[in-house]
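When a residue number appears, it is its place in the shown sequence, counting from 1. The basis for the numbers below is simple: all heavy atoms, side chains too, and nothing from hydrogens, waters or symmetry mates.
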Amino acid sequence: MKNTAPVHSGRHFLQIPGPTNVPDRVLHAMSFPTIDHRGPEFSTLGKDVIAGMKRVFQTAGAVVMYPSSGTGAWEAALVNTLSPGDRAVMFETGHFATLWRQMAGRLGIDIEFVSGDWRHGVDPARVEELLSRDREHRIKAVCIVHNETSTGVTSRVGEVRAAIDHARHPALFMVDTISSLASIDYRHDEWKVDVTVGGSQKGLMLPPGLGFNAVSDKALAAAKDARLPRSYWDWQPMLETGHTGFFPYTPGTNLLYGLREALAMLLDEEGLGNVFARHVRHGEATRRAVAGWGLETVCLDPREHSNSLTAVFVPEGHDADRLRDTILDAFDMSLGTGLGKLKGKIFRVGHLGHFNDLMLCGTLCGVEMGLAAARVPHKSGGVAAALEFLGQR
Ligand SMILES: *Cc1c(COP(=O)(O)O)cnc(C)c1O
């Protein structure tokens with residue numbers, strides 16, 4: 001029987017904005033035998049990874065960790081802090097914000113969903129206006145997505161925090177950092193975020209399967225009165241892990257081996273500051289390539305360009321998914337598809353996680369060759385513009 005799928009040699013390029021490339025050392029660390037999760041060796045592992053994650057979140061407070069996707073950690077944030085009928089404000093920055101909003105609605109939270117054009121982040125002025133108007137403090141939470149993975153737009157979390165403070169409003173502040181954590185500077189304590197939501201498969205360079213909440217004291221206090229039903233997601237039994245190293249139920253042990261290795265790479269070897277700077281540089285190089293091709297990014301505000309991914313429109317009348325298929329067939333590279341209303345209109349280039357200059361060059365070459373192969377109108381010189389920028393160092 002003839003195999004009709006193209007045969008490729010060399011490494012596949014996984015340039016979607018998550019799951020991202022997993023370093024060989026992380027895969028190797030994960031291949032060790034699973035141990036007794038109630039035994040002494042496990043305790044050290046549990047304590048180490050929680051301590052490391054606190055550094056990643058830039059918090060001295062509590063971090064809880066679930067064997068879950070990021071979506072599970074979204075649910076944990078809501079059910080631990082809110083009660084049925086509580087009002088929360090969310091912002092339509094894109095597909096992921098819309099999904100989180102849908103979840104909140106299903107859980108019985110009363111959502112004010114501020115509409116958006118999917119090309120801008122959360123407007124801090126709008127936050128201040130909404131909260132200032134709410135004199136009776138009916139709004140219990142403001143929930144935003146830091147880095148909208150569907151659009152490549154990064155909201156200015158520090159400015160949103162300042163807006164909440166200006167309004168002198170006591171609402172909880174919850175932030176989804178699933179595609180920004182350990183790629184784009186993020187400060188849970190400094191920005192007084194109450195619940196930060198994270199996942200393993202993007203900036204943390206792990207396979208999917210771990211969900212995180214970083215939790216402020218104010219959120220812990222809110223959890224005491226919160227009445228949404230919760231069981232699996234209850235923070236309470238999870239809070240002990242930071243002290244004992246043990247989890248209330250079977251954790252994803254081998255993913256934790258991988259996490260320990262990834263944390264060593266991010267925190268101790270490269271250093272978080274350098275990790276962020278690397279992503280800034282690769283984001284800029286990618287945007288120069290896009291400009292060189294004469295194409296348009298989804299993000300319209302230069303202050304909000306994402307440094308973990310770039311979302312790019314194909315010209316009107318062309319199908320972005322056909323371009324992606326061409327690139328996958330010809331060059332064995334996966335790019336992110338357009339999500340929700342952007343389906344077919346855009347492709348997304350992931351440049352986060354385990355990544356370097358030459359991987360970016362390969363990625364951008366694949367896009368440029370793919371644009372030509374799929375006959376998508378563009379100017380030449382995108383890769384050249386990126387190379388010139390990268391060459392300046
Ligand atoms: C990937 C992602 C999610 C969803 O995470 P899953 O692990 O697929 O559940 C949510 N929010 C953002 C911003 C993401 O990038």
Test M53 against L263 for side chain to side chain contact (heavy atoms under 4.5 Å, CB included), laying out the working first.
CA-CA 8 Å; M53 285 308 297; L263 289 169; 4.0 Å; yes
Residues forming a ring-ring contact (aromatic ring centres under 6.0 Å, His included) with F246, sequence neighbours excluded
none
Take atom NZ in K54; do more than 12 heavy atoms of anything else shown fall under 6.0 Å from it?
yes
Quick check: do L130 and E112 have side-chain heavy atoms less than 4.5 Å from each other?
yes
May I ask whether L352 and V22 are part of the same hydrophobic cluster, defined by side-chain heavy atoms of I, L, V, M, F, W, Y residues being less than 4.5 angstrom apart, directly or through others?
no
Single-linkage hydrophobic cluster, 4.5 Å side-chain cutoff, M205 and F32 together
yes
Which residues pass the ring-ring contact (aromatic ring centres under 6.0 Å, His included) test with H188, not counting sequence neighbours?
none
Between R348 and T149, is there a donor-acceptor pair closer than 3.5 Å when you use the side chain of the first and the backbone of the second?
yes
Side chains of H120 and D123, donor plus acceptor under 3.5 Å
no
Euclidean distance, R187 CZ relative to T196 OG1, rounded to 0.5 Å
13.5 Å
L255-F57 co-clustered via ILVMFWY side chain contacts under 4.5 Å:
yes
Shared-cluster residues of I16, by chain and number - hydrophobic side chains joined below 4.5 Å:
L14
How would you list all residue pairs meeting ring pair (Phe, Tyr, Trp, His ring centres under 6.0 Å) that involve residues 196-220, not counting sequence neighbours?
none
Full working for side chain to side chain contact (heavy atoms under 4.5 Å, CB included) between T93 and T98
CA-CA 8 Å; T93 48; T98 303; over 6 Å; no
Ring centre gap for H282 and F355 strictly below 6.0 Å
yes
List for me each residue that meets ring-ring contact (aromatic ring centres under 6.0 Å, His included) alongside H146, sequence neighbours excluded, and say none if there are none.
Y186
Can V215 and V63 be said to form a side chain to side chain contact (heavy atoms under 4.5 Å, CB included), step by step?
CA-CA 6 Å; V215 183; V63 169; over 6 Å; no
Are the side chain of R230 and the backbone N or O of A226 linked by a donor-acceptor pair below 3.5 Å?
yes
Say whether, by atom type as modelled, one donor and one acceptor occur between the side chain of E128 and the main chain of A167 under 3.5 angstrom.
no
Keeping S150 on the side-chain end and G94 on the backbone end, is there a donor-acceptor pair under 3.5 Å?
no
Residues passing the ring-ring contact (aromatic ring centres under 6.0 Å, His included) test with Y66, sequence neighbours excluded, are W233
So for atom NE2, which belongs to H166, do other residues, nucleotides or ligands contribute more than 12 heavy atoms lying within a distance under 6.0 Å?
no
Does R227 offer a backbone N or O that forms a donor-acceptor pair with the side chain of S83 under 3.5 Å?
yes
For R38, I'd like to know if atom CZ has over 12 heavy atoms of other residues, nucleotides or ligands within 6.0 Å.
yes
Sequence neighbours left out, what pairs pass side-chain hydrogen bond (donor to acceptor under 3.5 Å, both in side chains) with at least one residue falling in residues 370-386?
none
Which residues share a side-chain hydrogen bond (donor to acceptor under 3.5 Å, both in side chains) with Q201, sequence neighbours left out
none
Does the R278 side chain pair with the main chain of N356, one donor and one acceptor, at a distance under 3.5 Å?
no
Decide, yes or no, whether a salt bridge links R322 with D325 under the criterion of side-chain N to carboxylate O below 4.0 Å.
no
Name all residues meeting the side-chain hydrogen bond (donor to acceptor under 3.5 Å, both in side chains) criterion together with D189; count only those two or more places apart in sequence or in a different chain, and write none if there are none.
T59
When the side chains of residues 168-178 are checked against the rest of the protein, which donor-acceptor pairs come out under 3.5 Å, sequence neighbours left out?
residue: H169; atom: ND1; partner: A171; partner atom: N; Å: 3.0
residue: H169; atom: NE2; partner: D134; partner atom: OD2; Å: 2.7
residue: D176; atom: OD1; partner: I178; partner atom: N; Å: 2.7
residue: D176; atom: OD2; partner: W74; partner atom: NE1; Å: 2.9
residue: T177; atom: OG1; partner: V197; partner atom: O; Å: 2.8

By the side-chain hydrogen bond (donor to acceptor under 3.5 Å, both in side chains) test, which pairs, at least two apart or in different chains, include something from residues 305-317?
N147-S306, N147-S308, R287-N307, S306-S308, T310-H351
With a 3.5 Å distance limit and no angle check, can you tell me whether T20 reaches the backbone of K202 through a side-chain donor-acceptor pair?
yes
Do L45 and R260 have side chains that get closer than 4.5 Å, going by heavy atoms?
yes
OH/Y257 to CG/L27 distance, rounded to the nearest 0.5 angstrom?
15.0 Å
Judged by atom type as modelled, is there a donor-acceptor pair below 3.5 Å linking the side chain of H279 to the main-chain atoms of G353?
yes
Do N80 and Q236 have a side chain donor and acceptor closer than 3.5 Å?
no
Could you list the cluster mates of V298? Members are the ILVMFWY residues connected by side-chain heavy atoms closer than 4.5 Å, either directly or through other members.
W118, F313, L342, I346
More than 12 heavy atoms of other residues, nucleotides or ligands under 6.0 Å from CD of E41: yes or no?
no
Crowding at NE2, H137 (>12 non-hydrogen neighbours, <6.0 Å)
yes
Strictly by modelled atom types, are K343 and T337 linked by a side-chain donor-acceptor pair under 3.5 Å?
yes
